[in-house]
**Student:** 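The structure under discussion is supplied below as structure tokens; questions concerning it will follow.
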Amino acid sequence: MNLDRARALIEVQLQFSSGYNRNSVRMILAEVQKLHGQGAVDQLIRDLGLEQKFDLEPGSNFSGLR
């Protein structure tokens with residue numbers, strides 16, 4: 001998954017902002033982390049305001065999600 005696609009998918013999830021959408025975002029970030037590294041994950045978290053919306057912090061490790 002490229003970063004533009006990940007950003008688009010996360011933006012869709014942000015429109016709903018329920019607990020299920022938070023889990024979906026975490027799964028997307030896990031895929032980004034696997035393919036692009038922690039820096040890309042942290043940038044998405046900052047750019048999309050995921051700290052405020054879903055309590056996801058830069059530096060969080062999502063590699064345990066599948």
Side-chain angles (χ1 to χ4, degrees):
M1 171 183 322
N2 68 41
L3 294 176
D4 290 333
R5 177 72 175 146
R7 180 180 301 272
L9 290 172
I10 292 171
E11 287 173 348
V12 169
Q13 298 304 313
L14 288 171
Q15 294 173 11
F16 302 107
S17 68
S18 77
Y20 294 112
N21 301 102
R22 180 181 189 272
N23 288 336
S24 297
V25 169
R26 291 178 69 211
M27 292 177 66
I28 295 165
L29 292 175
E31 185 71 16
V32 168
Q33 186 174 10
K34 183 171 68 172
L35 296 173
H36 302 285
Q38 188 66 43
V41 170
D42 293 348
Q43 192 64 46
L44 285 171
I45 290 172
R46 284 188 207 96
D47 290 351
L48 297 172
L50 299 179
E51 282 183 278
Q52 296 81 14
K53 294 178 180 147
F54 290 128
D55 277 339
L56 301 175
E57 299 179 5
S60 297
N61 183 357
F62 299 99
S63 64
L65 301 175
R66 294 178 196 208

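Sequence positions, counted from 1, serve as the residue numbers for this chain.
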**Student:** Over all heavy atoms of both residues, which pair between S24 and Q13 is shortest? Give the atoms and the distance, please.
**Tutor:**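 Residues S24 and Q13, closest heavy atoms: CB-OE1, 3.5 Å.
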**Student:** So, for L29 and V41, which heavy atoms are closest and what is the spacing to 0.1 Å?
**Tutor:**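 Looking at all heavy atoms of both residues, the closest pair is O-CG2, 3.5 Å.
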**Student:** Would you say E51's side chain and E57's backbone share a donor-acceptor pair under 3.5 angstrom?
**Tutor:**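 It does not hold such a pair.
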**Student:** Starting at CZ of R46, measure out to CG of L56 and round the result to the nearest 0.5 Å.
**Tutor:**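 Here the rounded value is 13.0 Å.
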**Student:** Within this structure, what is the CZ-CD1 distance for the pair F62 and I45, rounded to the nearest 0.5 Å?
**Tutor:**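 Reported value, rounded in 0.5 Å steps: 4.5 Å.
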**Student:** What is the minimum heavy-atom distance between G59 and D42, and which atoms define it?
**Tutor:**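 Heavy-atom minimum between the residues: N-OD1, 2.7 Å.
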**Student:** May I have the step-by-step check of side-chain contact (heavy atoms from CB on, under 4.5 Å) for I28 and M1, ending in yes or no?
**Tutor:** CA-CA 9 Å; I28 295 165; M1 171 183 322; 4.2 Å; yes
**Student:** Could you tell me whether R7 and D47 make a salt bridge, using a distance below 4.0 angstrom between a side-chain N and a carboxylate O?
**Tutor:**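 Looking at R7 and D47, the cut-off is met.
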**Student:** Checking N61 against Q33: is there a side-chain donor and acceptor pair closer than 3.5 Å?
**Tutor:**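 A pair is found: one side chain offers a donor N or O, the other an acceptor, under 3.5 Å apart.
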**Student:** Closest approach of H36 and L3, non-hydrogen atoms and distance?
**Tutor:**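 So the minimum-distance heavy-atom pair works out to CD2-CD2, 3.6 Å.
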**Student:** Does I10 reach the side chain of L50, with side-chain heavy atoms less than 4.5 Å apart?
**Tutor:**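 Yes; the side chains approach each other to less than 4.5 Å.
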**Student:** How far does OG of S60 sit from CZ of R26, to the nearest 0.5 angstrom?
**Tutor:**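 Reported value, rounded in 0.5 Å steps: 8.5 Å.
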**Student:** Drop me the distance from E11's CD to L44's CG, to the nearest 0.5 angstrom.
**Tutor:**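 CG of L44 is found 9.5 Å from CD of E11.
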**Student:** Regarding N21 and S18, is there a side-chain donor-to-acceptor distance under 3.5 Å anywhere?
**Tutor:**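 A donor-acceptor contact under 3.5 Å links the two side chains.
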